[in-house]
Amino acid sequence: MTGPELKTALPGPRARAIIERDAKVVSTSYTRDYPFVMARGEGAYVEDVDGNVFLDCTAGIAVAATGHSHPDVVRAIVEQAGRFLHMSGTDFYYEPQVQLGEELSAIAPMPGPHRSFFGNSGTEANEAALKLAKYYTKRHSIIAFFGAFHGRTMGSLSMTASKPAQRRGFAPFVPGVYHAPFANCYRCPVSATPETCAAECLRFIEEQLFVHVVPPEEVAAIMVEPIQGEGGYIVPPDVFHQRLREIASRYGMLLIVDEVQSGMGRTGKMFAIEHTGVHPDIVTAAKGIASGLPLGVATARSEVISWPPGTHASTFGGNPVACAASLATIKLLRDGLMKNAEVVGAHMLAGARALMARHPIIGDVRGRGLMIGVELVRDRKTKERATAERDRVVRECFTRGLLVLGAGQNAIRLSPPLVLTKDQADTALTLLDQALRVAGHVQ
Ligand SMILES: Cc1ncc(COP(=O)(O)O)c(C=O)c1O
């Protein structure tokens, strides 16, 4: 498949008809920014039901890590599906789950030995980590961060503090979760300078939370995204995570890193936390882990994940077909895609930064590998958020054959499949440039 190539007005007639049917039967809670109706995909391209081909810089929210329908992944899925589809790894044994446990142990960002819990989604992986931390430490409180997104089931939602719409109407939440400022140096939440932002944010934990709100000996874990995803693709300084590790160790808390969005090779390393040299106690992953099949894992040091039978399980978790897809995915990441994410990501980041010279609406460009955020502001000095403009740019990209998503209140996220080439990255940036020219100046 090559592209982008648009053959109809958007949405085309087939897409329009499906969207009308969708409106009648599908939950109204989903957020669709533009009317893309998928028919098939290949690599970094996706085709809609009217034959229009788009360059995909979303990877279906950072999931299609190996590109759409990578032949190796499809083959692994088909072969496993032909053998058996399900036997519940919680009650029986099968080798693909064991093999994946071994693979996860080999790539885990901390020294082993390790064990893994298998679920079906990011939120389940985080629920498992939350429960495990409570169980292991026999403590009940959790520290999470403003801007964090950990999922939508009640435990994960209680740690999520991204957008009010995600929490409105769902209180009360799981008790004992306390939020602290995340080191977003572009707009420091505690008004510090970029040099002092990380230290000042963490000072809040030790000098406010621990002094006034929660005794540290009651905190089971600190839960943190190495790079905030839904929050706006925000990369904190490495020292932020290094100091968090120190705080967790000092008070006997576990450090849980949520790599659901930042993991699986996307940043040029298997896990984004590896850029910081920090060893977490538990790491969670999902999204890109199986190239699109539902799988979420929580991997911990074996000593931590030694809870007795019956404490936690999932009927579908670690489904053999998803495990097979994951094994093929990890092999592809190791055999070149992780490196590609690093190389093409650096190229794309530089290209996105170059756009700043032409577009004053771009306030900040940040990222690691192919996890890139472009934040739009109405004024570079005041940093007033250009939310309406961002939404319009996202739609203008669509009408030009480029799929992107928003992140946070006013950023655009570039999270393409990790097979993206430099040429495709350049095409994406050209289309983004055009979209910014049209949409960047609306008030
Ligand atoms: C960092 C992070 N954690 C958890 C989740 C939740 O994953 P899922 O939607 O698979 O439950 C997401 C989803 O966007 C995420 O970005």
Side-chain angles (χ1 to χ4, degrees), residues 27 29-33 58-65 109 117-133 142 144-163 165-167 170 174 177 179 182 184 221-236 241 255-267 270-273 280 282-299 314 316-319 322 325-326 329 367-373 404-408 411 413-415:
S27 170
S29 58
Y30 301 150
T31 45
R32 275 75 168 263
D33 291 335
T58 76
I61 328 186
V63 169
F117 172 86
F118 298 89
N120 308 280
S121 61
T123 198
E124 278 179 83
N126 289 332
E127 291 284 342
L130 169 70
K131 287 178 68 177
L132 181 59
I142 300 285
F145 291 89
F146 293 118
F149 188 89
H150 297 297
R152 296 173 182 275
T153 51
M154 283 314 283
S156 301
L157 181 60
S158 306
M159 299 185 289
T160 289
S162 182
K163 296 189 179 122
Q166 294 154 354
R167 291 168 63 102
F170 299 121
V174 172
V177 178
H179 289 94
F182 188 83
N184 174 357
I222 300 174
M223 168 72 117
V224 68
E225 290 163 272
I227 297 174
Q228 279 194 342
E230 302 298 304
Y233 275 32
I234 297 162
V235 190
H241 290 297
L255 181 67
I256 306 170
V257 295
D258 175 349
E259 294 262 11
V260 168
Q261 190 147 177
S262 58
M264 308 321 294
R266 174 154 298 283
T267 65
M270 194 58 85
F271 294 102
I273 197 71
I282 306 177
V283 57
T284 59
K287 289 199 189 286
I289 196 169
S291 295
L293 263 67
L295 182 70
V297 304
T299 299
S314 155
F316 289 119
N319 168 275
S326 182
T329 298
R368 267 183 166 146
L370 285 171
M371 183 168 191
I372 298 171
V404 296
L405 285 170
R413 77 178 92 183
L414 302 173
S415 58

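Numbering of ligands and ligand atoms starts at 1, following listing order. It should be emphasised that the depicted structure is a prediction, and the values quoted were computed from it without experimental measurement.
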| In chain order, what residues pass the side-chain hydrogen bond (donor to acceptor under 3.5 Å, both in side chains) check against Ser162, with sequence neighbours excluded? | none
| message | Between Ser121 and Thr123, is there a side-chain donor-acceptor contact under 3.5 Å, judged purely by atom types and distance? | response | no
| field | Side chain to side chain, Glu127 and Ser156, heavy atoms closer than 4.5 Å | value | yes
| note | Hits for side-chain hydrogen bond (donor to acceptor under 3.5 Å, both in side chains) against Glu259, two or more places apart or cross-chain, chain-then-number order -> Ser262
| task | Could you tell me whether the side chain of Arg167 and the main chain of Thr160 form a donor-acceptor pair under 3.5 Å? | result | yes
Please tabulate, for side-chain N and O atoms in residues 283-295, each donor-acceptor pair with protein atoms closer than 3.5 Å (sequence neighbours left out).
unit_1, atom_1, unit_2, atom_2, d
Thr284, OG1, Asn126, OD1, 2.8
Ser291, OG, Thr66, OG1, 2.7
Ser291, OG, Thr329, OG1, 2.7

| task | Using heavy atoms and a cut-off under 4.0 Å, could you grab the residues that are in contact with ligand 1, chain by chain, numbers ascending? | result | Ser121, Gly122, Thr123, Asn126, Phe149, His150, Gly151, Glu225, Glu230, Asp258, Val260, Gln261, Lys287
